[in-house]
Amino acid sequence: MAADTKNPENANDIVKSKNFIYEIIDEDLKTKKWDVNICTRFPPEPNGYLHIGHAKSICLNSGIARDYSGKFNLRFDDTNPEKEEQEYVDSIIEDVKWLGGNFEDRILYASDYFDKMYTWAIDLIKKGKAYVCDLNADEIRETRGTLTEPGKPSPYRNRSVEENLSLFEKMRNGEFPDGSKTLRAKIDMASPNFNLRDPIMYRILHDEHHRQGNKWCIYPTYDWAHGLEDSIENVTHSICTLEFENHRPLYDWFLNELGIFHPQQIEFARLNLTYTVMSKRKLLQLVKENYVDGWDDPRMPTVSGFRRRGYTPEAIRNFAEIIGVAKRDALTDIALLEYAIRDDLNKHAQRVMAVLHPLKVTITNYNGEEVLDAVNNPEDAGMGSRKVPFSNEIFIEQSDFIENPPKGYHRLIPGGEVRLRYAYIIKCEEVIKNEKGEVVELRCTYDKETKSGSGTSTKKVKGTIHWVSAKQALNIEVRLYDRLFTVEAPDAGKEKNFLDFLNPGSCEIIPNALVEPFIKGSKPGARFQFERHGYFCVDTKYTTSEKLVFNRTVTLKDSWGKTK
RNA sequence: UGCCCCGUAGUGUAAUUGGCAACACGUCUGACUCUGGAUCAGAAGACUUCAGGUUCGACCCCUGACGGGGCAGCCA
């Protein structure tokens, strides 16, 4: 983005284009619009777990603070006690930290500003710009007007300042029941923008707040509170999503009437990803109705889900960089995200051989055992090598042998040869089947001149397959994840329920896969590449001291599988 | 129906602010390879939604259409 701003000498570098928000900030800096440092914020409501769309926002906001040497605040927008919980606060803090959002020590809460907001409300009442309204919810809706008709003024619109002050104080003191009164801004009931038709600033809610307890029984609405929160924190650029565009005139109105520090609200398009849903409501439903195994189910598009699945914060940050920021709503191909994680893991993940669907192979002319050298990461020599045990009884992948190969298949076939990775070339001499005609074992011979790295082999084989030595192999559980939904936009159809598109095969559990002993004792969260399969990580939830459980983060690209 | 926002290859973004459309992913070739991965080389793919207008020149400015999204919570 603007990372190169301070390095204009990098003339040879491709000039990274800036998104429109960086251009606005550049312009602001040029015109000296602000007499404070650039400040952004991420203002989640603690009513759910963060998802990849929030991650985009976190990367954007914290990235701006980083690039302009400003500040980035984490602020909980906790103005509605009915939906908010401490569990969500905790998870959000963890997720933002994990993503690398640098809020330093600033964990802020809108609820800490309630007193200040209250006095500002009184200021507005005194200016004759706000009034207590006795209309109930239904009546307010009925008098708000429609898309084409103006609303009707509330009969309470012209109460005196004194009466409003007194009523508002009584509201605060708990003298009225929920929903019986509201404090409204007096703006314009005929405005074509609904948000300006005397919007509600406070509602009565006798509900315990997760941080304020029972101190308050009136709570500020988003529109009233948000700009004040930003203003208090000297946020310069208040970045939010497109649906708040129509709220900006109101955001500005409150700040102007109060005459306080006035942040600039800027809207950008939220992230949509193919084959998943992003609305908190739908994600909550998936959790509550047990379609998934909690908010951090590896199939969930939540930050915690991606973390458990094995994604790295670097990959997610890079993804955010790749997709950019703009104002048109879009549906981003999940392939972009998968590219980001493969790109990262390819460079950093320890390689290891694992057999998911074992087929026994006996090497009839091999005696004894030996240990072979295997490279830990061909992309990074610094990661060194490891020893892999080899013997006359090994397991290979069932799919790496086929009796009647299609054209182009170049793995093991009857009478054919393949290379065992890091070991020898073997030849399939005999195929053993059970009563049902299923292949249960292969009897092969090996060529000792073909040992990996010996340089003595003159043979060329078309394929190399992975394997694991039977005696030393470690038994593990592997979970193969696929997309949660079967269609690109499960929530696109207004008539159809997104649940109808759930992918029944989104999680395949392989209880007994085999892996080389190297990974024994791996810690939860550890990431590996299972050669020729994909990237996997040790599950943090179901791994036990007896058995490692692995989640497949993402497959390797498979140009052969595609052609079939 | 009223108001607001948006329309650039399959996908996501760019275009030095009016100079003849670029990057990434994806797709397809070929090379290389002890991962059908990675890497390397290359290709295809966009009359910039449409129609007018301004201009020597328009993705960019103007007008109008069409298409998409948002707004009638005491949610955010």
Side-chain angles (χ1 to χ4, degrees), chain A residues 14-19 23 43-45 47 77 79-80 82-83 133 135-137 140-142 144-151 178-184 191-195 197 199-205 218-219 221-223 225-226 240-249 267 269 271 274 280-281 321-340 342-343 346-347 351 353 375 378-379 408-411 418-423 425 450 452-453 457 461-466 488 529-534 555-563:
Chain A
I14 296 166
V15 177
K16 284 189 183 174
S17 59
K18 298 179 177 185
N19 64 52
E23 288 179 359
E45 183 188 15
N47 68 344
D77 206 6
T79 57
N80 183 0
E82 292 179 331
K83 297 183 174 178
C133 181
L135 260 26
N136 65 33
I140 286 183
R141 184 175 349 100
E142 285 159 13
R144 187 153 21 223
T146 67
L147 293 177
T148 50
E149 305 158 28
D178 286 6
S180 61
K181 283 182 170 50
T182 56
L183 182 73
R184 293 227 254 168
S191 172
N193 183 340
F194 275 88
N195 296 303
R197 318 246 266 223
I200 287 161
M201 296 163 61
Y202 278 96
R203 69 282 211 184
I204 300 173
L205 240 38
I218 58 170
Y219 289 92
T221 57
Y222 169 86
D223 284 317
H226 206 86
C240 60
T241 44
L242 255 26
E243 68 269 27
F244 293 104
E245 214 152 20
N246 291 331
H247 294 244
R248 182 157 25 97
E267 311 84 16
L271 171 68
T274 54
K280 273 192 190 175
R281 202 209 95 229
E321 196 70 33
I322 289 169
I323 60 175
V325 176
K327 289 199 72 164
R328 60 182 131 154
D329 26 28
L331 179 58
T332 300
D333 194 331
I334 188 82
L336 287 262
L337 214 209
E338 293 180 343
Y339 162 76
R342 284 194 188 105
D343 188 47
N346 176 48
K347 293 172 193 146
R351 312 278 125 129
M353 292 192 286
V375 172
E379 307 297 318
Y409 184 87
H410 45 241
R411 279 111 86 184
V418 273
R419 157 139 250 136
L420 293 177
R421 172 141 245 230
Y422 297 125
I425 290 174
T450 61
S452 178
S457 174
V461 286
K462 44 197 174 170
T464 298
I465 63 175
H466 60 276
E488 284 199 335
Q529 182 195 103
F530 289 176
E531 294 215 21
R532 303 210 302 132
H533 282 298
T555 61
L556 251 29
K557 273 174 54 176
D558 180 10
S559 55
W560 165 249
K562 250 180 315 204
T563 64

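As the structure is a computational prediction, the values presented were derived from the model and not from experiment. Below, read A as the first sequence line, B as the second, and so on, with proteins coming before strands; counting in each chain starts at 1.
Close to B:G37, at under 4.0 Å from its OP1 or OP2, lies no side-chain N or O of A:Arg342.
For A:Tyr409, the side-chain atoms get nearest to B:G36 when compared with the rest of B:G36, B:C74, B:U35. Proximity note for A:Thr79 (side chain, C-beta onward) versus B:A76, B:G2, B:G37: the nearest is B:A76.
With sequence neighbours left out, the side-chain hydrogen bond (donor to acceptor under 3.5 Å, both in side chains) criterion links A:Lys347 to A:Asp343. Looking at residues two or more places apart in sequence or on another chain, you find a side-chain contact (heavy atoms from CB on, under 4.5 Å) between A:Thr274 and A:Leu331, A:Asp333, A:Ile334, A:Glu488. Partners of A:Arg248 by salt bridge (Lys or Arg N to Asp or Glu O under 4.0 Å), not counting sequence neighbours, listed by chain and number: A:Glu267. A:Glu243 pairs by the salt bridge (Lys or Arg N to Asp or Glu O under 4.0 Å) definition with A:Arg270, not counting sequence neighbours. For A:Thr464, the side-chain contact (heavy atoms from CB on, under 4.5 Å) partners at least two apart in sequence or on another chain are A:Arg419, A:Arg421. With sequence neighbours excluded, the residues forming a salt bridge (Lys or Arg N to Asp or Glu O under 4.0 Å) with A:Glu245 are A:Lys327, listed by chain and number. For A:Arg328, there are no salt bridge (Lys or Arg N to Asp or Glu O under 4.0 Å) partners at least two apart in sequence or on another chain. Under the rule for a side-chain contact (heavy atoms from CB on, under 4.5 Å), the partners of A:Thr146 that lie at least two apart in sequence or sit in another chain are A:Thr148, A:Glu149. Residues satisfying the side-chain contact (heavy atoms from CB on, under 4.5 Å) criterion with A:Pro43, sequence neighbours excluded, are A:Arg41, A:Arg75, A:His226.
For RNA chain B, the stems formed by at least three consecutive Watson-Crick or G-U pairs, with both atom-pair distances below 3.5 Å, span B:2-7 with B:66-71, B:10-13 with B:22-25, B:27-31 with B:39-43, B:49-53 with B:61-65.
For the pair A:His226 and B:A76, the ring geometry does not qualify as stacking, because the centroid separation below 5.5 Å and plane angle under 30° are not jointly satisfied.
Between the P atom of B:C74 and the OH atom of A:Tyr219 lies a distance of 18 Å, rounded to the nearest Å. Between the C1' atom of B:G37 and the CG atom of A:Asn346 lies a distance of 7 Å, rounded to the nearest Å. Protein atom NZ of A:Lys327 is 13 Å distant from nucleotide atom P of B:A14, rounded to whole Å. The interatomic distance linking A:Glu379 (CD) with B:U35 (P) rounds to 11 Å, in whole Å.
Contact annotation: side chain of A:Gln529 to base of B:U35, donor-acceptor pair present below 3.5 Å. One donor-acceptor pair, N or O on each side, does fall under 3.5 Å between the base of B:G36 and the side chain of A:Arg411.
Among the atoms of the strands shown, base atoms are found under 4.0 Å from some heavy atom of A:Tyr222. Nucleic acid contact class of A:Glu23 (heavy atoms, under 4.0 Å, all strands): base. Note on A:Glu45: only backbone sugar-phosphate atoms sit closer than 4.0 angstrom, heavy atoms only; bases stay farther off. Residue contacts for A:Tyr422: at a heavy-atom cut-off of 4.0 Å it reaches a base atom on one of the strands shown. Heavy atoms of A:Pro378 sit under 4.0 angstrom from at least one base atom. Within the nucleic acid shown, A:His466 has no heavy atom closer than 4.0 Å to any nucleic acid atom. Within the 4.0 angstrom heavy-atom criterion, no nucleotide atom of any strand lies near A:Gly463.
Taking the P atom of each, B:G64 and B:C6 are spaced 16 Å apart, rounded to whole Å.
Regarding the sugar-base torsion, B:G30 falls in the anti class, its angle being beyond 90° of 0. Glycosidic conformation at B:U16 (O4'-C1'-N9-C4 for purines, O4'-C1'-N1-C2 for pyrimidines): anti, more than 90° from 0.
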Taking N or O atoms only and anything under 3.5 Å, show me the protein contacts with nucleotides 8-10 of chain B, one pair per line.
from: B:U8; atom 1: OP2; to: A:Arg328; atom 2: NH1; distance (Å): 2.4
from: B:U8; atom 1: O4; to: A:Arg328; atom 2: NH2; distance (Å): 2.7

Please produce a list of atom pairs where a protein N or O lies less than 3.5 Å from an N or O of nucleotides 66-73 of chain B.
from: B:G69; atom 1: O2'; to: A:Asp329; atom 2: OD2; distance (Å): 3.0
from: B:G70; atom 1: N2; to: A:Asn246; atom 2: ND2; distance (Å): 3.0
from: B:G70; atom 1: N3; to: A:Asn246; atom 2: ND2; distance (Å): 3.4

